[in-house]
Protein chains: 2
Amino acid sequence: MPVRGRPRGFDVDEALERALEVFWRQGYEGASMTDLTAAMGINKPSLYAAFGSKEELFRKAVARYAEQDMGYARHAIAQTTTYEVVATLLRENVLAVTRPDRPAGCLSIQGGTACSSENGGVAEFLAASRLAGERALADRFARAVSESDLPADANPAALARFVMSVTEGQAIHAAAGVSREELRQTAEIALAGFAAVSGARRPATADNAA
Amino acid sequence: MPVRGRPRGFDVDEALERALEVFWRQGYEGASMTDLTAAMGINKPSLYAAFGSKEELFRKAVARYAEQDMGYARHAIAQTTTYEVVATLLRENVLAVTRPDRPAGCLSIQGGTACSSENGGVAEFLAASRLAGERALADRFARAVSESDLPADANPAALARFVMSVTEGQAIHAAAGVSREELRQTAEIALAGFAAVSGARRPATADNAA
DNA sequence: GAAGTTGTGTACCGAGCGGTACTGATCCGA
DNA sequence: TCGGATCAGTACCGCTCGGTACACAACTTC
């Protein structure tokens with residue numbers, strides 16, 4: 001059964017994409033409906049009909065972001081060794097937060113770490129989604145312990161927290177204008193430090209370039 | 001020569017302190033004049049007479065924050081060895097971002113990493129002040145190289161960027177509700193990693209507790 | 001006490017906020 | 001060709017935003 005009534009005059013995915021970038025650059029509260037509709041090329045009633053409200057639009061933007069901009073994290077976790085997991089995560093993160101065709105930094109931080117009391121839910125939502133990613137990494141490290149890829153006395157949660165802290169700091173640096181090459185150096189330091197501290201075996205093939 | 005005219009009915013420092021906490025919790029754009037004046041216990045005209053504008057108030061709050069909440073950073077840089085500098089910085093940072101009598105996290109991040117276009121200067125101002133701190137740390141590391149406390153081939157700027165990235169990530173974690181003890185574990189991992197990678201000598205007295 | 005100076009409180013400004021009612025326009029199936 | 005359904009666009013809602021005019025209160029100096 002095809003659509004009934006007048007068809008939409010714009011592409012919902014494309015409009016969401018534009019909104020995503022506005023939220024990314026200006027944060028949730030810093031992005032006004034006027035900014036959003038201007039970037040999306042539609043009028044307010046169309047936005048509300050298609051997305052419900054500003055907050056729903058934001059959550060859909062974050063979901064889209066997680067799917068297409070955070071794919072590297074799932075790819076990283078799927079690596080076969082702990083070292084490769086972390087190496088992939090840190091290096092891909094550098095690329096992700098400095099993509100020339102995207103705003104600098106990371107939406108889940110730029111979106112808003114602090115909000116007015118009425119929008120407090122937005123900051124909490126972003127924090128929860130970041131911590132969910134961290135938990136996935138901690139689970140991956142726990143598996144590595146059970147596979148003897150990490151020592152039995154390793155602390156998976158703390159190691160994951162360390163790696164995520166670095167990526168978040170890198171995202172903030174990127175948003176401040178720090179270059180990809182500079183962040184790459186930092187990522188290699190973090191990776192080498194992780195390898196030295198975690199007890200994860202570093203592969204014989206030296207693929208790093210600090 | 002004493003004051004002329006009616007004396008002020010409130011303490012400017014105390015009012016600035018209250019404003020500081022509101023900005024810290026809600027960010028620059030998330031803190032409305034109503035929120036601020038309510039917390040400061042004064043009316044808007046008094047605020048404008050004493051502080052000029054919302055943005056000036058914010059900058060004064062950040063200056064106050066740098067002076068009294070970031071003092072640990074100056075203390076850290078003044079340590080005699082690179083290891084002690086980094087150990088102090090990372091450990092004191094954990095305490096600073098989880099002080100029970102303060103909002104969680106760090107004002108220079110919570111204040112706003114992304115803003116609307118008209119308030120873009122606020123985010124830039126915060127980014128610049130963070131990078132200034134990083135440069136001071138890089139200078140300290142450069143001195144350590146010249147003192148042979150770090151290897152001649154060490155990259156002071158990259159090492160400083162790594163340490164600051166960790167502290168920023170820790171601040172974001174704290175704002176998300178992560179506990180002091182959890183952050184302490186992460187700080188020890190970062191410290192041990194830094195020691196292993198930088199070539200900084202670790203003191204014989206083992207004062208760490210990962 | 002009067003004059004001059006400065007802070008306080010109320011009441012208000014224009015502008016922009018997020019969100020919506022309503023009129024037409026545009027499609028479908030019959 | 002007409003009725004039903006859906007979307008687009010204008011024009012507007014109440015509200016809050018940051019910021020201020022103005023009358024009054026409180027203080028010092030003469």
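A quick note: this is a predicted structure, and the numbers were derived from the prediction, not measured. Numbers restart at 1 for each chain; the letters A, B, ... are given by sequence-line order, proteins then strands.
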Worksheet entry | Residues B:R59 and B:E56 bridged, charged N to O under 4.0 Å | no

Worksheet item: Does A:N155 reach the main-chain N or O of A:A158 with its side chain, forming a donor-acceptor pair under 3.5 Å?
Response: yes

Discussion item. Using side-chain heavy atoms (C-beta onward) and a distance below 4.5 Å, is B:L107 in contact with B:D69?
Written reply: no

Item to complete: Report yes if some heavy atom in the side chain of A:R130 is under 4.5 Å from a heavy atom in the side chain of A:L126; otherwise report no.
Response: yes

Discussion item. If I take atom CG in residue B:L57 and atom C1' in nucleotide D:dG19, what distance separates them, rounded to the nearest angstrom?
Written reply: 14 Å

Worksheet, complete the sentence: ring-ring contact (aromatic ring centres under 6.0 Å, His included) filter on A:Y65, not counting sequence neighbours, yields A:W24

Worksheet, complete the sentence: Expected string for nucleotides 5-21 of chain C under the B/S/- scheme (protein heavy atoms, under 4.0 Å, primed atoms plus P, OP1, OP2 as sugar-phosphate) is BBBSBB------SBBBB

